[in-house]
Undergrad: 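Next up is a structure, given as C-alpha cells.
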2 protein chains.
Amino acid sequence: MAAGARRGSPLTPEEIYATALRLVNEGGVEALSMRKLAAALDVNPMSLYHHVESKTALIDQICLTMAERLEIPVMDGAPWQERLRALGHAYRRLATTYPALWSYVHTHPELVAAREGGLWDVFLPILRAAGVPEDELLRTADVLHAFVTGLLINQQNGHIGSDRSPEAMDRMFETAIDLILDGLTARHSPAGRAGGGAADEARPAAPR
Amino acid sequence: MAAGARRGSPLTPEEIYATALRLVNEGGVEALSMRKLAAALDVNPMSLYHHVESKTALIDQICLTMAERLEIPVMDGAPWQERLRALGHAYRRLATTYPALWSYVHTHPELVAAREGGLWDVFLPILRAAGVPEDELLRTADVLHAFVTGLLINQQNGHIGSDRSPEAMDRMFETAIDLILDGLTARHSPAGRAGGGAADEARPAAPR
DNA sequence: ACCTGAACACCGTTCAAGT
DNA sequence: ACCTGAACACCGTTCAAGT
C-alpha cells in the first residue's frame, strides 16, 4: 500500500467538498478537521493538501457551493408582496438545509465572497416595485436581509421562543414577513394597503 | 519559584474573567486559549483549572458578565416609540462594546443562559403599549429581537452595505428602527399614525 | 489549599522522502 | 504527478506530585 492506499479513484476536489459539506452539516463547522475529513475519505491527512490550499480555503469553497444552491423563484407577473414572500421562503430553505454552514457564513466577515450571488438581482427589483425610492434601495435591502438573517440564525440556535415546534417556527417566519410587508407598505406606498391584497390574504389570522 | 511563581496575589476569578474578556474583545473568541490566558495572567496554565471548571464554563461566565452590563434606559413617561428606539440603542451599545463575544453569544445555542435578563421586562411592556395583542406578544418580541440581532451581527461582520462609515451604520440602524416602528404601527394601531409623533419626527429626512 | 510538570489526545501545516 | 511519514507548534484537560 504505497501509491494507492485509498480505495479506487484519485481523490477529486468535488469528492473532498462533498464530504466536507457532509461533515459540517452533521456536526457543525467545529467538527470539521483536516484529519477527520481525511479519515472519512480513507486517505492520508496530508494528501488533502494536494487538492486544497488550506482548511480556510476549503471552508470558503464549500460556502460558495452552498450559496450556489439558493433556488431563487421566478414569479415575473406576481405582485411584489408575493414575490418577496417567496424569496424569503427560498432563502429560509437554504438556511435550514445547511444550518451550521449557513450560520457560519453569516457570522464570519472574511467570507463576504460567498454573498448569495443572484439574490440581489431579484431582491432589488422587488423593493423597487414596493415603492422604495432609489436612494434608499440599498440600505433598505441590507436592513431587510439582516432582519431575515437574524431571524434564521436565532431560530436555528433555539435562541427564540419557548415553543420550538416546526409549526411555531413557520408561524414566526410568517409573522416576520408580515411585519416587513406592513413596514414597507406603510413607509413607501401607504395608499396601496387595501388594494395590494397578497399581504393581507397571506397573513394568518390570529387565534383569539 | 515554587508556590508563588506569579507576581503578588493569589489569582481571583474576577481577574481571570476580566482578562479573558479582554482577550476575547481584542482577538475574538477563537483567540482565547487557556494557555494564552494563563500567559496573560503570568501563571501556569494548569492553575486556571483551580478557579474555573473548563474553558466552556469560563466562556459562559464572561457571557453572563457581558449580559449584565446591558444598560436599560428607564423612560416611564415617554411614548412607546421613543422607548423602543432608546432600548434599541442601548442594545446596540452593548453589541458594539463587546463585538466578538456578543456575536458569539447570539450564534451559540448552548448559551441560552446568557439571555439578556432585564431586557424582556422592559421590551414586552413597550410592545403592549404599541398595541400588540397579548397572544402575539412573545412571538412579536422574538421576531423583533431577532431582527435587531441580525442587523447588529451583519454590521459587525461588515456583511452589509458598501459604505461602512460610522455615519452609514447609524443611518442603517435608524432605518431599521423606523421600519420596525412603521410595521408595528401599521399592524396594531393604524389609526395612531398621525398622532404618535415620535416615529415620524425621529425619522431622518431622505436626501433627495 | 494551592500550584505545577509531565503526559495524553487532539489540532493545522511543512517538508523531505518515497513511488 | 501524486502520495506519505515524521515533525513542529499549537490546543484542552487529567493526574500524580510537589509546597
Side-chain angles (χ1 to χ4, degrees), chain A residues 1-63 100-101 104 108-111, chain B residues 1-63 100-101 104 108-111:
Chain A
M1 48 200 80
R6 214 176 134 278
R7 56 179 217 187
S9 50
L11 190 58
T12 68
E14 288 71 29
E15 200 181 358
I16 295 178
Y17 301 147
T19 308
L21 198 45
R22 183 171 57 79
L23 288 184
V24 168
N25 241 23
E26 284 168 5
V29 179
E30 70 279 3
L32 175 68
S33 83
M34 296 302 269
R35 292 165 126 110
K36 280 187 204 153
L37 176 58
L41 287 164
D42 189 19
V43 126
N44 183 288
M46 300 316 128
S47 302
L48 294 174
Y49 286 90
H50 264 268
H51 303 90
V52 151
E53 199 187 353
S54 67
K55 187 183 179 182
T56 306
L58 171 61
I59 292 178
D60 267 33
Q61 185 54 243
I62 64 177
C63 288
L101 191 58
Y104 185 85
H108 283 72
E110 64 276 14
L111 297 174
Chain B
M1 47 201 81
R6 212 176 136 278
R7 55 179 219 189
S9 50
L11 191 57
T12 69
E14 287 71 28
E15 198 181 0
I16 295 177
Y17 299 148
T19 309
L21 199 46
R22 184 170 57 80
L23 288 184
V24 168
N25 240 22
E26 284 169 2
V29 179
E30 71 280 0
L32 175 67
S33 83
M34 297 301 271
R35 294 166 126 111
K36 279 187 205 153
L37 175 57
L41 287 164
D42 190 17
V43 125
N44 183 288
M46 301 315 128
S47 303
L48 293 174
Y49 286 91
H50 264 267
H51 304 90
V52 149
E53 199 187 354
S54 64
K55 186 184 177 180
T56 306
L58 171 62
I59 292 178
D60 268 33
Q61 185 55 244
I62 63 176
C63 288
L101 191 59
Y104 185 85
H108 283 73
E110 64 276 15
L111 297 175

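First the proteins, then the strands, lettered A, B, ... as listed; each starts at 1.
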Undergrad: Please find the pair of heavy atoms, one from Leu11(B) and one from Ser47(B), that lie closest to each other, and give the distance.
TA: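 Minimum heavy-atom contact is CD2-CB, 4.3 Å.
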Undergrad: Looking only at side-chain atoms of His51(B), point me to the closest of dT4(C), dA6(D), dC3(C).
TA: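 Comparing dT4(C), dA6(D), dC3(C) against the side chain of His51(B), the answer is dC3(C).
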Undergrad: Could you check which of dT13(D), dC11(C), dT13(C) has an atom nearest any side-chain atom of Tyr49(B)?
TA: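 From the listed options, dT13(D) comes nearest.
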Undergrad: State the CG-CG distance between Leu32(B) and Leu21(B), to the nearest 0.5 angstrom.
TA: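 With rounding to 0.5 Å, CG (Leu32(B)) is 10.0 Å from CG (Leu21(B)).
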Undergrad: How far apart are the closest heavy atoms of Tyr17(A) and Leu58(A), and which atoms are they?
TA: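 Closest heavy-atom pair between Tyr17(A) and Leu58(A): CD2-CD1, 3.6 Å.
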Undergrad: Give the rounded distance in Å between these two atoms: CG of Leu23(B) and P of dC11(D).
TA: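 So the CG-P distance, Leu23(B) to dC11(D), works out to 11 Å.
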Undergrad: Can you tell which of dG5(C), dG12(C), dC11(D) lies closest to the side chain of Asn44(B)?
TA: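 When the side chain of Asn44(B) is considered, dG5(C) is the closest of dG5(C), dG12(C), dC11(D).
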Undergrad: Using Watson-Crick or G-U wobble geometry with both distances below 3.5 Å, tell me the partner of dC10(D), or none.
TA: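 Partner of dC10(D): none.
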Undergrad: Measure across Lys55(A) and Ser33(A) and return the closest heavy-atom pair with its distance rounded to 0.1 Å.
TA: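 Where Lys55(A) meets Ser33(A) most closely, the heavy atoms are NZ-CA, 4.3 Å.
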Undergrad: Tell me the interatomic distance from Glu53(B), atom CD, to dT14(D), atom C1', rounded to whole angstroms.
TA: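 For the pair Glu53(B) CD and dT14(D) C1', the rounded distance is 14 Å.
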Undergrad: Using atom CG of Leu48(A) as one end and atom P of dT14(C) as the other, report the distance to the nearest whole Å.
TA: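 Interatomic distance, CG of Leu48(A) to P of dT14(C): 13 Å.
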Undergrad: When you measure only distances, ignoring hydrogens and angles, does the side chain of His50(A) come within 3.5 Å of the base of dC3(D) through a donor and an acceptor?
TA: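 Pair found.
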Undergrad: Counting any heavy atom closer than 4.0 Å, what does Leu37(A) reach on the DNA or RNA strands: base, sugar-phosphate only, or nothing?
TA: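 No contact at all - Leu37(A) keeps every heavy atom at 4.0 Å or more from the nucleic acid.
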Undergrad: Which atoms form the tightest heavy-atom contact between Gly27(B) and Ala31(B), and what is the distance?
TA: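 Nearest heavy atoms, Gly27(B) then Ala31(B): O-CB, 3.1 Å.
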Undergrad: Does dC11(D) have OP1 or OP2 under 4.0 Å away from a side-chain N or O of Lys55(B)?
TA: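 Checking dC11(D) against Lys55(B), no side-chain N or O comes under 4.0 Å of OP1 or OP2.
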Undergrad: Using a cut-off of 4.0 Å on non-hydrogen atoms, how would the nucleic acid contact of Leu32(B) be classed: base, sugar-phosphate, or nothing?
TA: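 Counting heavy atoms under 4.0 Å across all strands, the contact made by Leu32(B) is with sugar-phosphate only.
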Undergrad: In whole angstroms, how far is the C1' atom of dC8(C) from the CZ atom of Arg35(B)?
TA: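 Distance, rounded to whole Å: 11 Å.
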Undergrad: Could you please name the option among dC11(C), dT13(D), dT4(D) that lies closest to any side-chain atom of Ser47(A)?
TA: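 Of dC11(C), dT13(D), dT4(D), dT4(D) is nearest to the side chain of Ser47(A).
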Undergrad: Can you tell me how far C1' of dC10(D) sits from CE of Met34(A), to the nearest Å?
TA: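 Between C1' of dC10(D) and CE of Met34(A): 16 Å.
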Undergrad: Considering only dC11(D), dG12(C), dA6(C), which nucleotide approaches the side chain of Met46(B) most closely?
TA: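 Nearest to the side-chain atoms of Met46(B), counting from C-beta on, is dA6(C).
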Undergrad: Across all strands shown, which nucleotide pairs with dG18(C) by Watson-Crick or G-U wobble geometry, both distances under 3.5 Å?
TA: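 Paired with dC2(D).
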